[in-house]
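Let me begin by presenting the structure, written as structure tokens, before commenting on it.
In what follows, every chain begins at residue 1, and chains take the letters A, B, ... in the order their sequences are listed.
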Amino acid sequence: MSLADKYVPGDIESKWYERWESANIFHSTPDHREPYTIVIPPPNVTGMLHMGHMLNNTLQDVLVRRARMMGKNACWVPGTDHASIATEAKVVKKLAEQGIRKSDLTREQFLEHAWDWTREHGGIILKQLRKLGASCDWDRTSFTMDEVRSQSVIKVFVDLYNKGLIYRGLRMVNWDPKAQTALSNEEVIYKEEQSKLFYLRYYVDEPAGSTDGEEQGAVTLTPDAPFDPTVKHQILHRDAEGRRYAVVATTRPETIMGDTAMCINPKDPKNSWLKGKRVIVPLVGRSIPVIEDRYVEIEFGTGCLKVTPAHDTNDYMLGKTHSLETIDIFNPDATISEAAGMYVGMDREDVRRQIVVDLQAAGLMEKVENYVNKVGYSERNPSTAVEPRLCMQWFLSMQHFADIALPPVMNDELKFYPSKYKTTYRNWLENIQDWCISRQLWWGHRIPAYFLPAGEGEERFVVAESAAEALRLAREIPGYENISAEELRQDEDALDTWFSSWLWPVSLFDGINNPGNDEIKYYYPTSDLVTGPDIIFFWVARMIMAGYEYNGDMPFRNVYFTGIVRDKLGRKMSKSLGNSPDPLDLIAQYGADGVRCAMLLCTSAGNDLMFDEALCEQGRNFANKIWNAYRLVGGWKVDESLAQTDGNKMAIKWFDATLKKAVAEMDDHFAQYRISDALKTVYRLFWDDFSGWYLEMVKPAYQAPIDAPTMEATRGFFDKLLRLLSPFMPFITEELWQDLAPRGDESLCLASMPSVEEWNEELIVKFGPVGEAVSAVRAVRKAKNIPNREPLALKVICDDNYHTEFEPLLVKMAGLSGVEYVTEKDATAESFMVKTTQYFVPMSEKIDVDAEVEKLNKDLTYFEGFLAGVMKKLSNERFVSSAPAKVVETEHAKKRDAEAKIAAIKERLAALTK
RNA sequence: GGGAGCAUAGCUCAGUUGGUUUAGAGCAUCUGCCUUACAAGCAGAGGGUCAGGGGUUCGACUCCCUUUGCUCCCACCA
């Protein structure tokens, strides 16, 4: 093995990953062991690895590697998602660059392009995961549109339809005019926008000069005078010719062609004169009724609302309640349709600009105000504003699923980490809405519904797993006995991507097509799911639903929600900001082990993490530290004849206890999914306790040999440390572990994790003062500028806090010539105290009395203040009587210590100033 | 509008059912060291009235209330 003093990860990492993969050591098959299963949140098939994936997959890998080393049959199933809208959008864009329009292609031709694209880009991300060290069972790699998964989806659709849970309905859906498809509510992202509120003039359909409906006290406003929303009397508008009109505030003037009513609140005094009237839609000239509904906010705008049932969810509701006509003024691509009668063929954005001009020219625009409102955008087409649109879609009734998915999470059978997401989950399930599962896309699972010829405005269809089955079902319908296969027309739509992802934990083990097969029985429920809280509704909740529905049990026992990866300024990492580093560059620069550490060091479940490249440096440095510690130990020569010193024996006993304690701590951290803390524990153990203390304790003098038992113990410690580190840093640990002893075909990845054992806590406690004394001597050295190689004498007034068995370690670590036990203070020496023990370092030259006095006075002030605090507690009778005896005893001990220290300091001061 | 969460050292965060020193770590900073594994290192040091206010308690960073500031989620105010 190389002796380079810097660890170079590149070659080592690719070497080991290739060996692991060719030995197929991450492959799992059911056996007698306890299973540990994770299903990967499938990344988009054509996606590229980003920092979110890095975090997510590092965590999964740590969990799965640890489980594997703890003797479980670990199985991490990888795969990709077809991501229907996102992928179809990419393909459409690519085709457009070649001058091909989607509408010029047949479904089959388009799908051929999409598959080409998938084959070309698909799986890149899985290659990238290998660079990170992800220990997936690649034999199980799946795709949401592969055969097994597709069959599962179709089967589930048919089953749910037959159960009466899937239905078809004409609903107001969120329409993405660019992709020309419906979206689920969850796929719409609302963004605040600076926009305008337009006040339009709707003339009352009546002769000029009419006054009916007016009450005494009614006020007539000129166009310039604003409304006072608090007024309790009628407010009228009348133009110069005496014609009355209403004013409507709207953010979307381009939809007036679709207006079929104007609505006021029945309790609105200022608009009560409009009751029962009809008004004229500006520019359009159509007369529409004034309706009354309490939905209208009296104080918003003018209290008059234009109602466009075809293009607004609320207006649609109003339309239904008041039986209004519906005029759909948009084509699927959001250009104006024939039905609008004006601006036909123009884009909605252009129409808005144009109509504003036209309204102003016609004197129908009262005023324009700045206004901040929320506009919905398509999640997968973020630049496209969603258009509410009325159309026929497929829906899944959700109440049944909400009922089965809520209890297990609320009663912690299925645990969320952190648990705060239980509330989010409950809120969503308690207000569940039916899921629009159809998408007007080609890339995806085609809906297995087959339409039969039917009369005008009528729909007849059958739902079946295959065309043949559909034909059979169709022929059972009276009047269709002789229908031919050609007359059946399969629904053109595809299913929402999440309609396949929600089956993932079941479908990966083929539990839909082959219920109760050996694999699903063994691996399901899976153990942990690691994912982001942003897809708690899209995916997590729905998997829980499908898991219970299709495999009778929870899909996973624990869900670990990661945070969002932000840059160190707290901004979300995004392409447009350019603040997201390329994970592969980071790996190339710092090594996969280093980057893994970086991700883990800054994460705690559910909290966003500020990623700073400096953390990668820290990770890389840690790897280097491990490397160099190994070089040190590796360079030691054993002398079999050499007797083991008491100091070495003590060092081994102490580190053994320290290591065991750390193992227990890590175990506790893992049990609570505090992965970052678990890493920090082993980081400190290796860097401070092992390298900083233990190795320095047993390190032989330059070129001197080491005794055999100490060497053996040290190698044993190294072995355990590498095992503990392996889940976090699989590459460097494997490299060193292989060098530590001949391993044959064995891999550290499959070695056993040190288990939790009893440790000698007393030893650790007793070592505390030794460490402090060492630091104190070093501080003296530093203050006096004494080189490390110059040995120092140390005098000590022994007491209960001085443990002679550690003396050899004290001597070695502090660089002492020896320790002398004394009973008298030495006024000419530098002194310090650890707990109650006094130490003196004799100086060859005179000590700086003034500086020493000043320092002692500072200490004195501190301890006196400290003692005062303790005394205050102890003199409080209520404290002494109510606090637990143990706590009171600690206070007494603190008091004794402080008093002893104060006495010692005072004596020393007296001696110095004498 | 409803809900959740956060606020501790310059930065990122611990602080595990309220009681071990008058709050810890890592990074950063400062000061010494090229001490033969590691300068990607070693040794030492400075730095916080635990966001403000009130309450409960013998005792509060920790529990309750409130104010302020930030973040996120949900919701149909045109």
Side-chain angles (χ1 to χ4, degrees), chain A residues 3 5-7 190 197 248-252 255 263 295-297 299-301 304-308 312-317 371 373-374 388 418 420-421 423-424 426-428 431 533-534 536-537 564 568 570 590 594 601-602 604 606-612 614-615 617-618 620-636 668-669 672 674 676-677 680 683-684 691-692 695-696 699 701-703 775 778-783 785 787-789 815 835 862-863 865-866 868-870 872-873 876-884 886-888 890-891 893-894 897-898:
Chain A
L3 288 173
D5 64 354
K6 295 260 189 295
Y7 171 58
Y190 289 90
L197 194 55
V248 171
T250 179
T251 52
R252 301 205 57 193
T255 61
C263 190
Y295 161 75
V296 177
E297 290 285 331
E299 299 191 356
F300 185 91
C304 296
L305 171 73
K306 69 188 220 42
V307 184
T308 321
D312 183 279
T313 321
N314 305 302
D315 292 11
Y316 177 64
M317 272 166 34
Y371 183 69
N373 71 339
K374 286 188 176 173
K420 66 178 177 184
Y421 288 111
T423 319
T424 312
R426 193 186 64 216
N427 286 340
W428 189 68
N431 299 293
D534 50 331
I536 184 169
F537 308 135
I564 295 165
K568 64 178 172 184
Y590 300 102
L601 282 170
C602 61
S604 60
N607 290 333
D608 286 359
L609 48 107
M610 310 296 160
F611 181 82
D612 186 345
L615 289 165
E617 250 174 79
Q618 197 183 339
R620 176 200 60 180
N621 294 354
F622 185 40
N624 198 48
K625 185 74 186 177
I626 298 169
W627 180 259
N628 277 296
Y630 187 82
R631 284 176 61 223
L632 173 66
V633 176
W636 290 345
D668 185 46
H669 287 318
Q672 293 170 70
R674 300 206 291 230
S676 187
D677 289 337
K680 283 173 186 160
Y683 180 94
R684 267 196 293 274
S691 304
L695 288 181
E696 294 296 337
K699 182 176 170 181
Y702 181 55
Q703 287 190 331
S775 292
R778 286 170 177 169
V780 170
R781 260 185 210 286
K782 163 110 168 140
N785 238 328
N788 292 330
R789 60 181 88 82
K835 295 218 170 198
Y862 173 86
F863 283 110
F866 177 65
V870 175
K872 199 176 151 198
K873 274 193 188 176
N876 184 333
E877 199 165 319
R878 295 217 275 174
F879 168 73
V880 181
S881 54
S882 359
K886 211 177 142 190
V887 174
V888 178
T890 337
E891 291 305 313
K894 282 197 223 166
D897 277 14

Checklist entry - Can you tell which of A:Asn314, A:Val296, A:Asp312 makes a side chain to side chain contact (heavy atoms under 4.5 Å, CB included) with A:Leu305? => result A:Val296
Roughly how many Å apart are [M] and [N], using the [atom1] atom of each and rounding to a whole number?
| N | M | atom1 | value |
| --- | --- | --- | --- |
| B:U68 | B:G54 | C1' | 15 Å |
| B:A9 | B:G47 | P | 14 Å |
| B:A23 | B:C6 | P | 24 Å |
| B:G46 | B:U56 | C1' | 38 Å |
| B:G10 | B:C64 | C1' | 33 Å |
| B:A25 | B:C42 | P | 16 Å |
| B:G26 | B:C33 | C1' | 23 Å |
| B:C70 | B:U8 | C1' | 16 Å |

Item to check | Closest approach of A:Thr250 to A:Lys306 (non-hydrogen atoms, all atoms of both residues) | outcome: OG1-CE, 3.7 Å
d([atom1], [X]; [atom2], [N]) in whole Å:
| X | N | atom1 | atom2 | value |
| --- | --- | --- | --- | --- |
| A:Lys872 | B:U57 | NZ | P | 16 Å |
| A:Asp668 | B:U16 | CG | P | 12 Å |
| A:His669 | B:U16 | NE2 | P | 12 Å |
| A:Lys420 | B:G3 | NZ | P | 17 Å |
| A:Phe611 | B:U12 | CZ | C1' | 13 Å |
| A:Glu891 | B:C58 | CD | C1' | 11 Å |
| A:Asp612 | B:A28 | CG | P | 10 Å |
| A:Arg684 | B:C27 | CZ | C1' | 14 Å |

Please examine the side chains of [Y] and [X], heavy atoms only from C-beta on, and report whether any two atoms are closer than 4.5 Å.
| X | Y | answer |
| --- | --- | --- |
| A:Lys873 | A:Val888 | no |
| A:Leu197 | A:Phe300 | yes |
| A:Thr308 | A:Arg252 | no |
| A:Val633 | A:Trp636 | yes |
| A:Asp534 | A:Ile564 | no |
| A:Lys625 | A:Ser691 | yes |

Next on the checklist: Output the pairing pattern of RNA chain B as a dot-bracket string, 5' first, Watson-Crick or G-U wobble with both distances under 3.5 Å, | for cross-strand pairs, [ ] for crossing pairs.
Outcome noted: (((((((..((((.....[....)))).(((((.......))))).....(((((..]....))))))))))))....
Checklist entry - Can you tell which of B:U12, B:C27, B:G32 lies closest to the side chain of A:Tyr683? => result B:C27
Checklist entry - Under 30°, 30 to 60°, or over 60°: which ring-plane class applies to A:Trp627 and A:Tyr7, parallel, tilted or perpendicular? => result tilted
Item to check | Stepwise side-chain hydrogen bond (donor to acceptor under 3.5 Å, both in side chains) check, A:Glu617 with A:Asn621 | outcome: CA-CA 6 Å; A:Glu617 250 174 79; A:Asn621 294 354; 5.2 Å; no
Item to check | Residue whose closest nucleotide on RNA chain B lies nearer the 5' end, A:Ser882 versus A:Arg789 | outcome: A:Arg789
Item to check | Toward the 5' end of RNA chain B, by each residue's nearest nucleotide, A:Gln618 or A:Asn876 | outcome: A:Gln618
Item to check | Sidechain-backbone polar pair: A:Asn624 side chain, A:Arg620 backbone, donor-acceptor under 3.5 Å | outcome: no
Checklist entry - Is it true that a side-chain atom of A:Arg781 and a backbone atom of A:Gly815 form a donor plus acceptor pair closer than 3.5 Å? => result yes
Checklist entry - Is there a donor on the side chain of A:Arg674 or the base of B:U16 sitting less than 3.5 Å from an acceptor on the other? => result yes
Checklist entry - Which is true for A:Pro787 with a 4.0 Å heavy-atom rule: it touches a base, it touches only sugar-phosphate, or it touches nothing? => result nothing
Checklist entry - Once each nucleotide of nucleotides 73-78 of chain B is scored for protein heavy atoms under 4.0 Å, what B/S/- sequence comes out, 5' to 3'? => result SSBBBB
Next on the checklist: I'd like to compare against my own output: the B/S/- annotation of nucleotides 36-46 of chain B with a strict under-4.0 Å heavy-atom distance to protein.
Outcome noted: BBB-BSSBS--
Next on the checklist: I'd like to know whether A:Thr424 forms a side-chain contact (heavy atoms from CB on, under 4.5 Å) with A:Tyr421, so could you lay out the CA-CA distance, the side-chain angles of the two residues, the decisive distance to 0.1 Å, and finally the verdict.
Outcome noted: CA-CA 5 Å; A:Thr424 312; A:Tyr421 288 111; 3.9 Å; yes
